[in-house]
Peer 1: 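Below: one structure in structure tokens.
Heavy-atom basis, side chains included; hydrogens, waters and symmetry copies ignored.
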Amino acid sequence: MASSNESVYRATTTAPVNIAVIKYWGKRDTILNLPTNSSLSVTLSQRSLRTLTTASCSGNFPAEDTLNLNGKPQDIQSSKRTLACISSLRAHRKALEDADSSLPALSKFPLRIVSENNFPTAAGLASSAAGFAALVRAVADLYQLPQSPKELSRIARQGSGSACRSLMGGYVAWRTGELADGSDSLAEEVAPASHWPEMRALVLVVSAEKKDVPSTEGMQTTVGTSALFAERAQNVVPQRMAAIETAIRDRNFPDFAEITMRDSNTFHATCLDSWPPIFYMNDVSRAAVRLVHDINRVVGRTVAAYTFDAGPNAVIYYEDKDSELVAGTVKAILGPNTEGWDGAFYDRIANVTASGVS
Ligand code: DP6
């Protein structure tokens, strides 16, 4: 057998996108990436949106760690977030090696990470969430770390806040935590996807362009300049978190939907209240909002909910029994042939295992 120095060790994983229904917006600590409010998301299936990442290491690799994203080499040294994730993962591996001298010294080997999204990067489709979750999961698998997804979420959070929620499937809460060192700012599964198998999500790609204001920059402008922001973080979100967890527990779609739509609107209101104001939604996004309200009004019950991240793309939640009504109508009225849309595709809630593979 080749000596461990010459061997190439490798692990491959995929990670899903998650779409928040209670949005994370604002950091109380920008270095540790600690949020000002808790958030809750739904993990989407990996059939349409996922990041595929392979991490390898070898004593024979050139000295520096490398990262290749969608075929382009990235400068890891200038990305404090990537460095923070890698150094935490290495420290965990080092602890294993210190405890068991028979383990190969992978922590000393340079890492080679190759990552690919099957959807546009940085277009408000949560690419950083899937990206950092896949990076952390792949390196943790390579290093054979025993840490649970919840423990790994602490590491992924340092890459991108929303990434901590992509290590689990179903309905995932990221608790803001209270400790200054961030050790209690973790993601946890509120309910598995199997708890509410009728849930569906329709992703409408209004634009696959890179967003105008990246979320990290946008949220700190909001934190620093919006009076509405503090009200949302302190008084509005805690109640909504409790209410949406109850709605999920009871599979109460009308409550889930109303809280989701209201929180998307409040989040975008704080963006508009920022100085200078930040606009993520556009005319086509607003047409989707009107259409969902029209569908719910005409049907006479709440069958659809929209939500928008830091970009114009709409995600519409509905239950399978209302597919024709919701997805059919949205597709017919705002389908790929409509001016202003780049396209549309369906997705559904994921069932993600602990290894991050659905
Ligand atoms: C609007 O997780 O991309 O999608 O922590 O600075 O990387 P950083 O921000 P990021 O922000 C996501 C913001 C959001 C809401 C959400 O996903 O909760």
Side-chain angles (χ1 to χ4, degrees), residues 16-25 39-45 47-49 119-130 162 199-213 215 218 244 253-254 256-272 278-299 302-320 322-350:
V17 158
N18 72 78
I19 300 292
V21 288
I22 303 292
K23 306 292 186 193
Y24 146 55
W25 197 249
S39 55
L40 195 143
S41 60
V42 185
T43 302
L44 302 190
S45 98
R47 277 182 310 144
S48 304
L49 303 165
F119 58 93
T121 301
L125 283 180
S127 58
S128 67
S162 53
M199 184 66 83
R200 297 288 179 271
L202 170 66
V203 183
L204 296 160
V205 184
V206 175
S207 166
E209 299 286 299
K210 259 187 184 296
K211 52 195 166 199
D212 284 354
V213 184
S215 9
I244 207 157
F253 189 82
F256 170 87
E258 181 169 338
I259 299 163
T260 296
M261 292 186 277
R262 283 187 181 277
D263 198 66
S264 176
N265 293 341
T266 315
F267 152 52
H268 288 278
T270 67
C271 292
L272 185 62
I278 304 164
F279 310 100
Y280 286 122
M281 293 166 67
N282 64 16
D283 284 351
V284 188
S285 319
R286 284 185 282 275
V289 169
R290 273 187 223 107
L291 180 59
V292 166
H293 282 284
D294 284 350
I295 293 172
N296 289 338
R297 184 175 44 76
V298 170
V299 174
T302 309
V303 292
Y306 53 78
T307 188
F308 298 81
D309 276 350
N313 300 324
V315 175
I316 296 177
Y317 289 110
Y318 58 96
E319 288 183 294
D320 190 47
D322 297 318
S323 283
E324 241 344 273
L325 205 57
V326 179
T329 308
V330 171
K331 218 177 152 195
I333 297 185
L334 292 172
N337 298 328
T338 308
E339 203 184 327
W341 289 104
D342 268 13
F345 53 88
Y346 295 93
D347 212 304
R348 65 160 218 257
I349 306 310

Peer 1: How about Val292 and Met261: do any of their side-chain heavy atoms sit closer than 4.5 Å?
Peer 2: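 The answer is yes, as the side chains (C-beta and beyond) meet within the 4.5 Å cut-off.
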
Peer 1: Evaluate the side-chain contact (heavy atoms from CB on, under 4.5 Å) criterion for residues Leu204 and Val284: first the C-alpha distance (whole Å), next the side-chain angles of each, then the deciding distance (0.1 Å), finally the verdict.
Peer 2: CA-CA 10 Å; Leu204 296 160; Val284 188; over 6 Å; no

Peer 1: Do Ile295 and Val330 have side chains that get closer than 4.5 Å, going by heavy atoms?
Peer 2: yes

Peer 1: For Ser162, is there any backbone N or O sitting under 3.5 Å from a side-chain donor or acceptor partner on Asn18?
Peer 2: yes

Peer 1: Of all the heavy-atom pairs spanning Ala314 and Val206, show the shortest one and how long it is.
Peer 2: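 Nearest pair, atom of Ala314 first, then Val206: N-CG2, 4.4 Å.
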
Peer 1: Val315 and Tyr306: side-chain contact (heavy atoms from CB on, under 4.5 Å), yes or no, with the steps?
Peer 2: CA-CA 6 Å; Val315 175; Tyr306 53 78; over 6 Å; no

Peer 1: Between CD1 of Ile19 and CG of Leu49, what distance do you get to the nearest 0.5 Å?
Peer 2: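 Here the interatomic distance stands at 7.5 Å.
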
Peer 1: Which value, rounded to the nearest 0.5 Å, describes the distance between Glu319 atom CD and Met199 atom CE?
Peer 2: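 The distance works out to 6.5 Å.
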
Peer 1: Please report the C-alpha distance between Val289 and Met281 in whole Å, then the side-chain angles of each, then the deciding distance to 0.1 Å, and finally whether the side-chain contact (heavy atoms from CB on, under 4.5 Å) criterion is met.
Peer 2: CA-CA 10 Å; Val289 169; Met281 293 166 67; 3.8 Å; yes

Peer 1: Under a 4.5 Å cut-off applied to non-hydrogen side-chain atoms, are Val42 and Val21 in contact?
Peer 2: yes

Peer 1: Heavy atoms only: give me the nearest Phe253-Thr302 pair and the separation to one decimal.
Peer 2: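 Minimum heavy-atom separation between Phe253 and Thr302: CD2-O, 3.4 Å.
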
Peer 1: For Leu202 and Ala327, work out which heavy atoms get closest and say how close.
Peer 2: CD2-CA, 4.1 Å

Peer 1: Can you see which heavy atom on Gly218 is nearest to which on Trp25, and at what distance?
Peer 2: C-CZ2, 3.6 Å

Peer 1: Measuring from atom OG of Ser264 to atom CD1 of Ile22, what distance do you get when rounded to the nearest 0.5 angstrom?
Peer 2: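 It is 10.5 Å, given to the nearest 0.5 Å.
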
Peer 1: Which heavy atom of Ala304 sits nearest to which heavy atom of Val326, and what is that distance?
Peer 2: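 Scanning both residues completely, I find the closest heavy atoms to be CB-CG1, 3.7 Å.
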
Peer 1: Got Asp322 and Val299 here, is their nearest side-chain heavy-atom distance under 4.5 Å?
Peer 2: no

Peer 1: To the nearest 0.5 Å, how far apart are CG in Asn282 and CG in Asn313?
Peer 2: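 Going from CG on Asn282 over to CG on Asn313, the span is 8.5 Å.
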
Peer 1: Could you tell me which non-hydrogen atom of Ser215 sits nearest to which non-hydrogen atom of Ala310, and how far apart they are?
Peer 2: CB-CB, 4.4 Å

Peer 1: Kindly write out the residues that satisfy side chain to side chain donor-acceptor pair (under 3.5 Å) with Asn296, not counting sequence neighbours, or none if the list is empty.
Peer 2: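 Asn296 satisfies side chain to side chain donor-acceptor pair (under 3.5 Å) with no residue once adjacent residues are dropped.
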
Peer 1: I'd like to check the side chain to side chain contact (heavy atoms under 4.5 Å, CB included) partners of Thr266; sequence neighbours left out, ordered by chain and number.
Peer 2: Arg232, Arg240

Peer 1: Does the Thr270 side chain pair with the main chain of Phe267, one donor and one acceptor, at a distance under 3.5 Å?
Peer 2: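 Yes, Thr270 side chain to Phe267 backbone: donor-acceptor pair under 3.5 Å.
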
Peer 1: Nearest 0.5 Å please: distance from the CG atom of Leu291 over to the CD1 atom of Ile316.
Peer 2: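 If I round to the nearest 0.5 Å, the distance is 7.0 Å.
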
Peer 1: According to side chain to side chain contact (heavy atoms under 4.5 Å, CB included), who are the partners of Leu272, at least two apart in sequence or on a separate chain?
Peer 2: Pro277, Phe279

Peer 1: Tell me, yes or no, whether the heavy-atom count around Arg262 atom CZ, taken from other residues, nucleotides or ligands under 6.0 Å, exceeds 12.
Peer 2: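 No - once you tally the heavy atoms of other residues, nucleotides and ligands closer than 6.0 Å, there are 12 at most.
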
Peer 1: With the threshold set at 4.0 Å, does a side-chain nitrogen-carboxylate oxygen contact exist between Asp263 and Lys23?
Peer 2: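 Salt bridge between Asp263 and Lys23, a charged N being under 4.0 Å from a carboxylate O: no.
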
Peer 1: Of all residues at least two apart in sequence or in a different chain, which pass the salt bridge (charged side-chain N to carboxylate O under 4.0 Å, His left out) check with Arg290?
Peer 2: none

Peer 1: Checking Ser39 now: which residues fulfil side chain to side chain contact (heavy atoms under 4.5 Å, CB included) with it, not counting sequence neighbours?
Peer 2: Tyr24, Arg165, Trp174

Peer 1: Phe308 and Tyr280: aromatic ring centres closer than 6.0 Å?
Peer 2: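 For Phe308 and Tyr280, the ring centres are not under 6.0 Å apart.
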
Peer 1: Looking at CD1 of Ile278 and NE2 of His268, how far apart are the two atoms once the value is rounded to the nearest 0.5 Å?
Peer 2: 11.0 Å

